[in-house]
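Because only heavy atoms are used, hydrogens play no part in the values below, and waters and symmetry mates are left out as well, while side chains stay in. Sequence positions, counted from 1, serve as the residue numbers for this chain. Remember, it's 1-based here, ligands and their atoms both numbered in the order they're listed.
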Amino acid sequence: MERRIILVVDFGGQYVRLIARRIRELGVYSEIVSPEAGLDNFSKEEVAGIVFSGGPASLTMADAPSIDSRIFSLGKPILGICYGMQLMADLLPGGSLKANSRSEYGRAELIIKERADLFQGIASNGKGEGKWQKSFKKSLGVWMSHGDSIEQVPRGFRILAETEELSVAAMADTERRLYGLQFHPEVEHTQYGREILGNFIHQICGLTGSWNIKKIVSEKISEIRSALDKEAGVVLGLSGGVDSSVTAALLHRAVGDRLQCIFIDHGLLRRGEVQQVIETFTREFKLPLITVDARDRFLKKLAGVRDPEAKREIIGETFVRIFEEEAGNLKGITHLAQGTIYSDVIESGEHRNAETIKSHHNVGGLPEKMSLEIIEPLRDLFKDEVRELGEELGLPAEIIYRQPFPGPGLAIRIIGEVTEERLEILRQADAIFQEELKKSQVSQEIWQAFAVLPDIRSVGVEGDSRTYGYPIILRAVSSSDAMTADWVRIPGNELNQISRKIVNRVKEINRVVYDITSKPPATIEWE
Ligand code: XMP
């Protein structure tokens with residue numbers, strides 16, 4: 001069956017990705033496109049509906065992003081959110097905007113005046129239940145973030161809702177299936193946001209919501225098979241992280257042993273990770289895996305290096321060099337697979353316009369000298385979808401739910417010079433911390449947790465003797481995207497237990513410190 005898709009046009013808003021995700025959660029495949037590209041890369045039949053995202057610009061400014069107004073004549077349902085709605089009012093005849101002296105940001109009370117199909121079936125009795133009834137209070141708490149507002153709705157539109165500040169908070173031309181919302185239905189703070197989006201997608205665009213990850217396993221496999229001819233050989237750098245692991249499992253399912261994986265052990269992984277990657281992929285998946293023990297080579301290159309950026313550069317470069325050497329020895333390789341996922345594509349700005357393209361560097365960078373074709377089977381999937389796909393393919397939970405881990409590994413969690421002795425101290429302390437956190441009350445809140453080894457020593461006392469050992473810094477943060485983060489409130493008794501175990505078991509450590517800084521102003525990693 002042909003895929004039906006909702007396109008989300010990106011006008012630069014902070015919630016663009018969230019809109020696309022919410023739509024996928026509603027069981028409909030969605031993709032983000034730039035206003036310039038519009039429907040260019042899709043067949044007209046494939047597109048079932050369009051969402052215009054919000055954006056930071058003001059339409060009163062000359063260079064505000066816009067879209068070819070012929071999009072309104074395609075007969076596709078369109079939902080404009082925030083800036084997207086204002087753009088509709090600006091482009092369609094009869095509509096007008098006004099610039100407000102101050103912006104409205106945060107919660108507002110939405111008074112629904114007309115239900116139309118967009119607010120269908122949404123409880124409005126303030127108790128979170130029940131169908132629409134005349135006697136009910138017709139208001140919802142919604143999330144606003146805008147400067148300008150609509151003065152006059154375009155011809156053919158009716159006002160569906162207002163707030164105390166806004167005479168037009170929602171509008172619709174139900175004949176032409178054009179809708180606008182000044183608030184953000186995609187954020188959690190908006191009551192019934194999911195239902196409102198659901199109404200647009202299911203009722204208005206007429207989609208059933210049958211898209212799910214199970215279906216896409218077979219879809220992906222046939223996509224890969226048709227992209228690669230029978231002679232094609234694929235090489236993939238496996239890092240042990242979620243994305244490259246899922247890419248490996250998927251490609252192996254699609255092309256079998258024509259996939260060759262290279263796992264470079266740079267000696268900077270956490271305790272047990274190397275063995276786990278090797279076991280999972282060779283024993284369980286029986287996948288052709290070349291493991292390169294490059295620990296000494298990396299350590300030699302890192303000897304005497306203290307600057308964090310210099311460490312990153314050395315590690316990235318050494319990685320690519322080794323990968324090139326190893327891949328160069330393989331026969332019949334025509335393709336290089338990468339574990340690029342949708343957020344990498346969006347962050348690199350590829351969908352915005354061709355000029356800003358920069359390739360995403362997974363693991364340690366792209367071997368530029370190799371003339372291989374790139375294949376990126378996870379390019380259109382969000383992280384949580386990649387995880388689901390991994391589960392579907394039978395990868396163990398330890399790999400699928402692994403915390404994000406920086407490419408340069410433990411080298412940027414050791415302040416100062418990286419030596420084998422210091423790596424081992426860090427690995428031991430980190431392993432105890434991880435083990436204890438598994439049992440913690442707050443384990444679900446943790447995005448990343450790790451230990452950092454500084455290059456100072458402090459005085460302690462053990463029995464009757466003075467010690468002069470390393471402190472260890474523990475950091476555990478909650479986050480949803482690593483852009484901002486907060487430190488996790490690990491209960492005092494748990495911290496106490498962790499601290500005691502570390503100083504008892506790791507003889508070089510005589511002090512434990514817990515980092516209680518959020519990001520910003522700090523970063524997640526110490527280097
Ligand atoms: P910061 O420390 O900038 O980290 O708050 C944000 C996220 O990025 C990860 N990180 C890296 N990942 N190479 C990577 O692949 C790096 O050099 C690197 N530095 C930081 C970090 O673990 C966190 O998830």
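- Within 6.0 Å of atom CD in E219, more than 12 heavy atoms from other residues, nucleotides or ligands are found, so the atom counts as buried in its surroundings.
- Close approach to K519 involves these atoms of ligand 1, each under 4.0 Å from a residue heavy atom: 1 (P), 3 (O), 5 (O), 6 (C).
- Under the rule for a salt bridge (Lys or Arg N to Asp or Glu O under 4.0 Å), E494 has no partner lying at least two apart in sequence or in another chain.
- Annotation for ligand 1: atoms under 4.0 Å from non-hydrogen atoms of T523 are 1 (P), 2 (O), 5 (O).
- Taking 4.5 Å as the limit, every side-chain heavy atom of H266 sits out of range of all side-chain heavy atoms of T318.
- Contact between A64 and S58 at its shortest, heavy atoms only, is CB-O, 3.3 Å.
- Pairs of residues two or more places apart, or lying in two chains, that qualify as side chain to side chain donor-acceptor pair (under 3.5 Å) and include a residue from residues 392-404 are Q276-R402, E391-Y401.
- Geometrically, ligand 1 and P408 share no nitrogen or oxygen pair separated by less than 3.5 Å.
- Counting heavy atoms only, P406 comes closest to atom 12 (N) of ligand 1 of the residues P406, S239, P308.
- Residue contacts with ligand 1: I412 is placed with no nitrogen or oxygen under 3.5 Å of a nitrogen or oxygen of the ligand (distance criterion only).
- For atom 19 (N) of ligand 1, the candidate residues are E527, E525, R312; the nearest heavy-atom contact is made by R312.
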